[in-house]
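Some notes on the structure that comes next.
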Amino acid sequence: MSDVNVMSAAAAVAQMKIHGAKKGLFYALGGGVLWGLTVLFLGTAFLFIDSRGITDSTFYMLPLVVAMFHDAAGGVFMLVFTLFNGKTKEYLRTMRTKPGWIICLATIFGGPLAMSGYLVGFMMAGTYAVAISACFPAVGAILAAIFLKEKINLRVWVGILTVVGGAVTISWVPPEGQFPNFYMGIGMALLATIGWAVEGVLGCFGMDVIDSDIALGIREMASGLIYALFVIPMFGAMVVTVASDVPVLFSIFGVGAFAGFAYLAYYKAINRAGVARGQSLYVTFSIWAILFSWAAGQTEPTVNLLIGAVLAVIGTFLIVGHPRELFSLRNV
Amino acid sequence: MSMRLPMRMNLLRLLSTRGSRTGQQLLEELKVEYGDERQCSLPVILDHLFNMASLGLVTAANERYDEHHNLLIDFAITPLGLSRSRYYPAGFQFRPVLQPA
């Protein structure tokens, strides 16, 4: 075999690696855009639910009921998705292994724990809770550097902090009203921050040996099931009310299935681009959500939005940097 | 019915117990177990292998063209890949038959 052939084979492999690295970054940014759209659709669904007059004494816990149906819909979406790509049998095989249960553990952190912390935090501390929870990629990067030995150079650290700064700036609007349990709310928002960060690290670890499509399917179905275990006994009447209103149920399932696309991209991103890069590019959803909301005529542009968007763009460029860095994500 | 490992886990086990392999060789070996499943294809297997290479579980040890100009890449398991054996179900845990790359 000639040297020319050996060289071109090496070049072909390098090209395949570059293609894979770019795909990881594309999934992370694409996931952020899709989740930004999901937030817009979810807001519209809540307005629709409100217009249907669904209300009772537990109305304030409606987001948890919606989250249950939403994640269950995501699970159904993934089941159909894996039916098409011939991976359905992998669910049972995976649940007989420890990494399958590690994904379930990640679900508890990222699903019910973080989401409940986020919702309760929002109720108790207003938009400050949203800003705090947007810091999860920074915590995720620290945990990934420690536990997964992920390589994060100075440029990427600066990029992560810049994007998180942008997401916090956008969410940082002085809340209206009184918050007697403000510090409790801040604590609950911190719980959300840690929950989502831990979900990323555990999920990434599990996906070392588990297909990311199957990991997400397990995550969505397990999350829907865990919500059902504590939401139905506590807010059964609300569940029945929502489930018996077919247009409302369809709107939640529709948003949930769409969210499945966003989460599919997110799980592929943390698997291919690493937790640090995957989460920090994904968190740009907070900017996309407000931009889409502006485009839909629901909000007005603000100085915070402008500053946040500029920071996000700068941070994204710093994180993306050289796709070649993704050839070897860990110090091993 | 005998238990099968998830295909990605099986890829790692095969690289450990049978030594370095190309994607084509792995496809032939996996077809015995997963033959009728759409996931058991060369593009999916190569996607898993390149992904596991970026995570440090396997390494692309050698690349060349065959006489038909098909690109052949030998993948080998790394020490990190070997360490994942402890998370495998009993009966599927592996030991290396060859020195890790």
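All values below come from the heavy atoms of this structure, side chains included, with hydrogens, waters and symmetry mates left out. The chains referred to below are lettered A, B, ... by the order of the sequence lines, with proteins before strands, and numbering in each begins at 1.
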Using heavy-atom distances under 4.5 Å, tell me whether [X] contacts chain A through its side chain, its backbone, both, or neither.
X	value
B:Phe92	neither
B:Leu55	both
B:Asp47	side chain
B:Tyr87	both

When rounded to the nearest 0.5 angstrom, what is the spacing between [atom1] in [X] and [atom2] in [Y]?
X	Y	atom1	atom2	result
A:Arg96	B:Met9	CZ	CE	12.5 Å
B:Arg4	A:Leu92	CZ	CG	12.5 Å
B:His48	A:Ser212	NE2	OG	8.0 Å
A:Met16	B:Leu71	CE	CG	6.0 Å
B:Leu80	A:Asn331	CG	CG	11.5 Å

[X] [atom1]: over 12 foreign heavy atoms closer than 6.0 Å:
X	atom1	value
A:Trp157	CH2	yes
A:Lys22	NZ	no
A:Arg324	CZ	no
A:Phe327	CZ	yes
A:Tyr91	OH	yes

Nearest heavy-atom approach of A:Glu90 to B:Leu5 is OE2-O, 4.3 Å
Taking all atoms of both residues into account, what is the closest heavy-atom pair of B:Ser54 and A:Leu326, and its distance? CB-O, 3.4 Å
Most heavy-atom pairs under 4.5 Å with chain B, out of A:Lys87, A:Glu150, A:Arg272, belong to A:Arg272
For chain B, the option from A:Asn85, A:Ile210, A:Thr94, A:Asn271 that forms the most heavy-atom pairs under 4.5 Å: A:Asn271
Side-chain contact test, heavy atoms from C-beta onward, threshold under 4.5 Å: evaluate it for A:Thr97 versus B:Pro6 and give yes or no. yes
Considering heavy atoms only, which positions within residues 30-40 of chain B lie below 4.5 Å of chain A? B:Tyr34, B:Asp36, B:Glu37, B:Arg38, B:Gln39
Let me see the working for B:Arg84 and A:Phe205 under side chain to side chain contact (heavy atoms under 4.5 Å, CB included), right down to the final yes or no. CA-CA 10 Å; B:Arg84 292 295 184 262; A:Phe205 181 76; 3.5 Å; yes
Would the distance check show the side chain of B:Arg8 and the main-chain N or O of A:Asp208 forming a donor-acceptor pair, the cut-off being under 3.5 Å? yes
Considering only heavy atoms, which portion of A:Lys23 lies under 4.5 Å from any heavy atom of chain B: side chain, backbone, both, or neither? side chain
